[in-house]
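These notes concern the structure reproduced below.
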Amino acid sequence: ARIDYDDSVYKTENGKYRAVIKQVKECHAKGQPVLVGTVSIEKNELLGKLLSREKIPFELVFLDADDQTLVRRYKETRRRHPLAGKGGLSADIARERQILSHVRRRATTIIDTTHTTTKELRAKIISLYGRDGSLPAMSIAVQSFGFKHGTPLDCDMMFDVRFLPNPFYVPELKEKNGNDADVVAYIEQSPVPQTFLRKLYDLIEFLLPEYTKEGKSQLMIGVGCTGGHHRSVFVANALGRFIESCGYQAQVIHRDLLKK
């Protein structure tokens with residue numbers, strides 16, 4: 001699963017490059033491929049020299065597209081070309097091609113993105129440089145929450161389970177939560193939760209491989225009840241177990257379990 005780290009800030013540019021080379025070297029020792037992007041010819045050539053000095057083999061990938069496609073992309077994104085001058089966008093692209101010509105000649109691999117979608121480009125790079133040419137595993141998290149504490153902002157899909165039997169109104173269960181066996185037994189005594197879970201499992205089982213094929217790297221599923229203690233915890237736990245039974249890794253998070 002993908003892991004997102006905090007940004008790192010370095011006092012000098014040399015310090016930044018030393019850190020990059022150190023990390024690439026560590027990954028290379030483990031047989032782990034690394035993709036490093038640069039934003040200028042100078043930085044590209046400097047990085048190449050540093051890698052060669054450390055005897056780390058590398059390949060240079062050059063992404064290209066025809067002029068018409070590049071013009072269309074600039075217009076769609078409304079971005080200013082780095083070499084923008086008085087000659088117009090087509091002239092800027094021509095100058096860019098001239099400047100980058102020696103980099104293109106040195107490239108190990110040239111990928112024409114003229115008719116390539118972002119999804120197809122990602123799959124192409126993974127097929128060329130991934131360990132086995134397969135897509136990385138999708139990171140899946142199931143989060144229970146209470147609506148009274150606010151809905152999560154990062155959920156890809158959200159299920160409201162406030163229609164399920166509520167243990168909160170049972171005195172001996174009020175202070176317990178959906179991790180407790182007697183709370184689970186209380187909720188499961190009604191046929192509604194089992195019917196709901198079957199339908200939910202069918203939906204998730206259908207969606208997961210489709211999301212994987214689409215190249216989705218992270219999936220956050222929210223499950224909410226009133227306080228985030230009983231019903232949402234019960235469903236999140238059940239859903240997490242089901243996802244793992246389908247061959248995926250799932251992290252179950254109970255956001256509001258300790259809140260009153």
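One-based numbering along the sequence shown. Hydrogens, waters and symmetry mates play no part in the numbers below; they use all other heavy atoms, side chains included.
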Keeping the roles fixed (side chain from [X], backbone from [Y]), state whether a donor-acceptor pair exists under 3.5 Å.
X	Y	value
Arg95	Leu83	yes
His254	Asn179	no
Ser101	Gln98	yes
Thr38	Lys43	no
Asp180	Asp182	no
Thr114	Ala65	no

With a 4.0 Å cut-off, would you call [X] and [Y] a salt bridge?
X	Y	value
Lys22	Glu26	yes
Glu210	Lys213	yes
Lys148	Asp256	no

Do [X] and [Y] have side chains that get closer than 4.5 Å, going by heavy atoms?
X	Y	value
Tyr10	Arg18	no
Ile21	Leu51	yes
Asn166	Arg231	yes
Leu50	Glu54	no
Leu207	Leu219	no
His229	Val183	no
Ser144	Val235	no
Phe159	Val142	no

>> Could you check whether atom CD of Glu172 has more than 12 heavy atoms from other residues, nucleotides or ligands sitting under 6.0 Å from it?
In response: yes
>> Around atom NE2 of His115, are there more than 12 heavy atoms from other residues, nucleotides or ligands closer than 6.0 Å?
In response: no
> With sequence neighbours left out, what residues match Glu175 under side-chain contact (heavy atoms from CB on, under 4.5 Å)?
Replying inline: Lys260
Provide the closest heavy-atom pair for [X] versus [Y] in the form atom of the first, atom of the second, distance.
X	Y	value
Asp154	Met220	O-CB, 3.4 Å
Gly31	Pro33	O-CD, 3.6 Å
Gly150	Phe145	O-CD1, 3.9 Å
Pro193	Ile187	CG-O, 3.1 Å
Met158	Cys155	CE-CB, 4.1 Å
Phe62	Ala107	CB-CB, 3.7 Å

>> Parallel, tilted or perpendicular: which one describes the rings of Phe242 and Tyr201, with boundaries at 30° and 60°?
In response: parallel
> Between Asn14 and Thr12, is any side-chain donor less than 3.5 angstrom from a side-chain acceptor?
Replying inline: no
